[in-house]
Each structure stands twice: as structure tokens, then as C-alpha cells.
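Below you'll find the structure, written out as C-alpha cells, and then a few comments.
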Amino acid sequence: MIEYRNVHKSYGAVHVLNGINLTINRQEVVCIIGPSGSGKSTLLRCINGLENYQSGEIIFDGVRVDGSERALSQVRGEVAMVFQRFNLFPHRTVLENVTEGPIYVKGERPGPAREYGMELLKQVGMDHKAHSYPQDLSGGQQQRVAIARALAMRPRAILFDEPTSALDPELVGDVLKVMRELANQGMTMVVVTHEIAFAREVADRVVFIDGGVVTEEGPARQVLTNPSHPRTREFLQRVL
Ligand code: ADP
Ligand code: MG
């Protein structure tokens with residue numbers, strides 16, 4: 001569904017992606033791990049055009065993501081993103097946050113959009129807060145609303161960029177539970193995370209990025225318990 005072919009990206013003189021090759025298959029859950037500054041966020045952001053890249057190709061479902069309007073609107077309509085900071089609209093209720101995109105971007109009718117929004121809020125355990133404002137929710141609750149908001153766009157894939165890193169430890173579990181359920185439903189997911197236990201349990205594949213290249217990838221159990229590259233071993237020893 002998503003393919004990176006020798007992707008290079010730099011910010012000025014700083015080379016951030018140094019020839020990324022990576023394939024993400026339909027219904028696959030791929031966790032991306034790696035040191036801070038290794039290019040994980042940049043890698044995700046290049047898929048939906050939040051960043052451009054200088055050479056190589058990214059193909060999403062047969063469409064070459066090349067910075068053209070046509071490619072961008074197709075990819076943005078089909079790939080949702082969940083960030084470390086949840087970025088909910090502060091002056092909209094929880095339900096309005098979820099229905100805003102479907103109504104104003106996709107042109108769905110408000111009635112059905114609200115109905116589906118409530119269904120999604122129920123799925124993430126937040127229907128009881130539908131009429132609250134973001135400021136009245138915990139970080140974990142806000143992140144679950146952000147996931148419902150992503151789902152409301154009926155995406156074919158969801159990219160998560162450290163979705164639990166900004167949360168108090170006791171709030172992480174509820175968010176991971178929602179993500180685990182999504183994975184079980186067959187959603188295609190690319191998850192940048194430091195939650196190694198989650199990756200071991202949920203990921204089909206784990207990709208270790210270091211210095212802007214894929215240093216190692218393979219089945220979760222293999223990469224996380226028996227890594228073949230010394231850099232992966234060293235990294236895991238530090239985070240475990
Ligand atoms: P990670 O998510 O793995 O921590 P990032 O993709 O955020 O890594 O960043 C990779 C490198 O690119 C870092 O050295 C970072 O400082 C640099 N970088 C990221 N975004 C920008 C930007 N907008 N301008 C300049 N440098 C950036
Ligand atoms: Mg990052």
C-alpha cells in the first residue's frame with residue numbers, strides 16, 4: 001500500500017533521510033523504532049506531503065506522491081495522521097472535533113456524520129464526553145478523541161507519530177488498547193513508538209531506523225528479541 005524507494009530528504013545541509021526503502025502492505029501493522037533525530041517523524045510526514053523530499057519515490061496505493069495537488073489530495077483523503085500532541089480544536093466539542101472533517105472537508109451531511117461520530121466515540125470509549133471540550137479531558141482522553149477524529153475520515157491507513165509519548169504513564173494503556181483494537185480490525189497502521197511491549201505484541205513487522213536509513217527490519221519478535229544488527233541491540237538495551 002505504501003512504498004518508499006530510495007527516498008532522500010534534507011533540511012538544508014542536514015541529510016535526514018538517506019535512502020529509505022520500505023514497503024507497508026495492506027492491513028499490516030508496522031512499528032518504527034529508532035533513536036531521537038533518526039528521521040522517524042520526517043519519514044511519516046513525507047507520505048502525506050507534510051514534508052517534501054528531494055529524490056527517490058513514495059508510492060501510495062499506486063499513486064506517486066510527488067508534491068502535485070492531485071497526489072496530495074488523494075493521499076490526504078485516504079491517510080490519516082495521529083500526532084504526539086493531539087491538536088484538537090479547543091473551541092469545539094469532542095463530537096464537533098470528530099465531525100468537522102467529514103462535514104466540511106468531505107461534504108458529508110451533518111446528521112449521518114454525527115451518528116457515525118458517536119459510533120466512533122463509543123469505539124474509543126469517549127461517547128460519554130461527546131459534548132465536553134478538549135480542555136476538560138485528560139491527555140489520554142484527548143488522544144482517543146484524536147483517533148476517533150482520524151477514523152471519521154474513513155482512512156485506509158493511519159500513521160501514528162509517538163501517540164503516547166506526551167501522556168502520563170497511567171494514561172498510556174487506554175490509548176494502546178484502542179490502537180490494538182484497530183489493528184485487530186485490520187487497519188493498516190504505521191506506528192512510530194517507544195512502546196516496545198506494544199510493538200512486540202501488535203506489530204507484524206518492526207523497522208529500526210538509524211541515521212535516516214532502515215538499519216534492520218523483520219517480524220516483531222525477531223527484531224525485538226533477537227536483533228541481528230549491533231545498533232538495534234544497543235538501542236533496545238537502552239530503551240528496555
Ligand atoms: P525523529 O522523529 O526520529 O526524532 P525527525 O524526523 O523529527 O526525527 O528529525 C530528524 C532530523 O531532522 C533531526 O536532526 C531534526 O533536528 C531535523 N529536523 C526535523 N525537522 C526539521 C525542520 N523542519 N527543519 C530543520 N531540521 C529539521
Ligand atoms: Mg519524531
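These values consider heavy atoms only, across backbone and side chains, with no hydrogens, waters or symmetry-generated copies. For the single chain, residues carry numbers from 1 onward in sequence order. Since the model is a prediction, treat every value here as computed from it, not as a measurement.
- Under a 4.0 Å N-O distance rule, the pair Glu108/Arg154 qualifies as a salt bridge.
- In this structure, OG1 on Thr188 lies 7.5 Å from CD1 on Ile2, to the nearest 0.5 angstrom.
- Using cut-offs of 30° and 60° for the angle between ring planes, the Phe208 and Phe235 rings count as tilted.
- Annotation: side chain of Phe60 is in contact with side chain of Val79 (closest heavy-atom distance under 4.5 Å).
- One distance of note links CG of Leu121 with CZ of Arg114; it measures 13.0 Å at 0.5 Å rounding.
- With a 6.0 Å radius and a threshold of 12 heavy atoms from other residues, nucleotides or ligands, Arg233 has its CZ atom above the threshold.
- Each side-chain hydrogen bond (donor to acceptor under 3.5 Å, both in side chains) pair with one or both residues in residues 166-175, not counting sequence neighbours, would appear here, but there are none.
- Summarising the local packing, OH of Tyr11 is surrounded by more than 12 heavy atoms from other residues, nucleotides or ligands at distances under 6.0 Å.
- Residues Gly140 and Val175 approach most closely at O-CG2, 3.6 Å, considering heavy atoms.
- The minimum heavy-atom distance linking Ala113 with Thr99 is given by the pair O-CG2, 3.5 Å.
- Salt bridge annotation for Lys129-Asp136: absent, with no cationic side-chain nitrogen under 4.0 angstrom from a carboxylate oxygen.
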**Request:** Dump the intermediate steps for side-chain contact (heavy atoms from CB on, under 4.5 Å) on Val94 and His131, then the final yes or no.
**Result:** CA-CA 6 Å; Val94 161; His131 305 294; over 6 Å; no
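- Atom NZ of Lys177 has 12 or fewer neighbouring heavy atoms from other residues, nucleotides or ligands inside a 6.0 Å radius.
- Atom CD1 of Ile24 and atom CZ of Arg26 lie 12.5 Å apart (nearest 0.5 Å).
- Atom CZ of Arg109 has 12 or fewer neighbouring heavy atoms from other residues, nucleotides or ligands inside a 6.0 Å radius.
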**Asked** Does the side-chain contact (heavy atoms from CB on, under 4.5 Å) test come out yes or no for Asn6 and Asn21, once each step is laid out?
**Response** CA-CA 5 Å; Asn6 198 24; Asn21 288 294; 4.1 Å; yes
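- Under the side chain to side chain contact (heavy atoms under 4.5 Å, CB included) test applied with Ile209, the options Ile33, Ile20, Thr215 reduce to a single match, Ile20.
- For the pair Met187 and Gln27, the minimum side-chain heavy-atom distance is 4.5 Å or more.
- Of the possible donor and acceptor atoms, none in the side chain of Asn48 sits under 3.5 Å from a partner among the backbone N and O of Arg76.
- Using a 4.0 Å cut-off between a side-chain N of Lys or Arg and a carboxylate O of Asp or Glu, Arg5 and Glu3 qualify as a salt bridge.
- Within the 4.5 Å cutoff, side-chain heavy atoms of Val190 are placed close to those of Ile32.
- One finds the OG atom of Ser55 at 10.0 Å from the CG atom of Leu17 (value rounded to the nearest 0.5 Å).
- Contact of the Val124 side chain with the Glu181 side chain is not registered, since no non-hydrogen atoms from C-beta on lie closer than 4.5 Å.
- The shortest side-chain heavy-atom distance between Met1 and Asn25 does not fall under the 4.5 Å cut-off.
- The environment of His91 atom NE2 is sparse: at most 12 non-hydrogen atoms of other residues, nucleotides or ligands sit within 6.0 angstrom.
- Within a 6.0 Å radius of CZ in Arg180, more than 12 heavy atoms belonging to other residues, nucleotides or ligands are found.
- Interatomic distance, OG of Ser228 versus CD of Glu216, reported as 3.5 Å (0.5 Å rounding).
- In this structure, Asp61 and Glu78 approach most closely via the heavy-atom pair OD2-OE1, 4.3 Å.
- Closest non-hydrogen pair, Ser38 versus Gly211, comes out as CB-N, 3.9 Å.
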**Request:** With side-chain contact (heavy atoms from CB on, under 4.5 Å) as the test, would you mind laying out the steps for Asp161 and Gln84 before giving the verdict?
**Result:** CA-CA 6 Å; Asp161 193 358; Gln84 182 174 339; 5.7 Å; no
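- Distance check: Glu162 CD to Leu167 CG gives 11.0 Å after rounding to the nearest 0.5 Å.
- Looking at Glu217 and Leu22, their side chains come closer than 4.5 Å, going by heavy atoms from C-beta outward.
- Look at Arg231 and Glu234 and you find a salt bridge, because one of the NZ, NE, NH1 or NH2 atoms lies within 4.0 Å of a carboxylate O, short of that distance.
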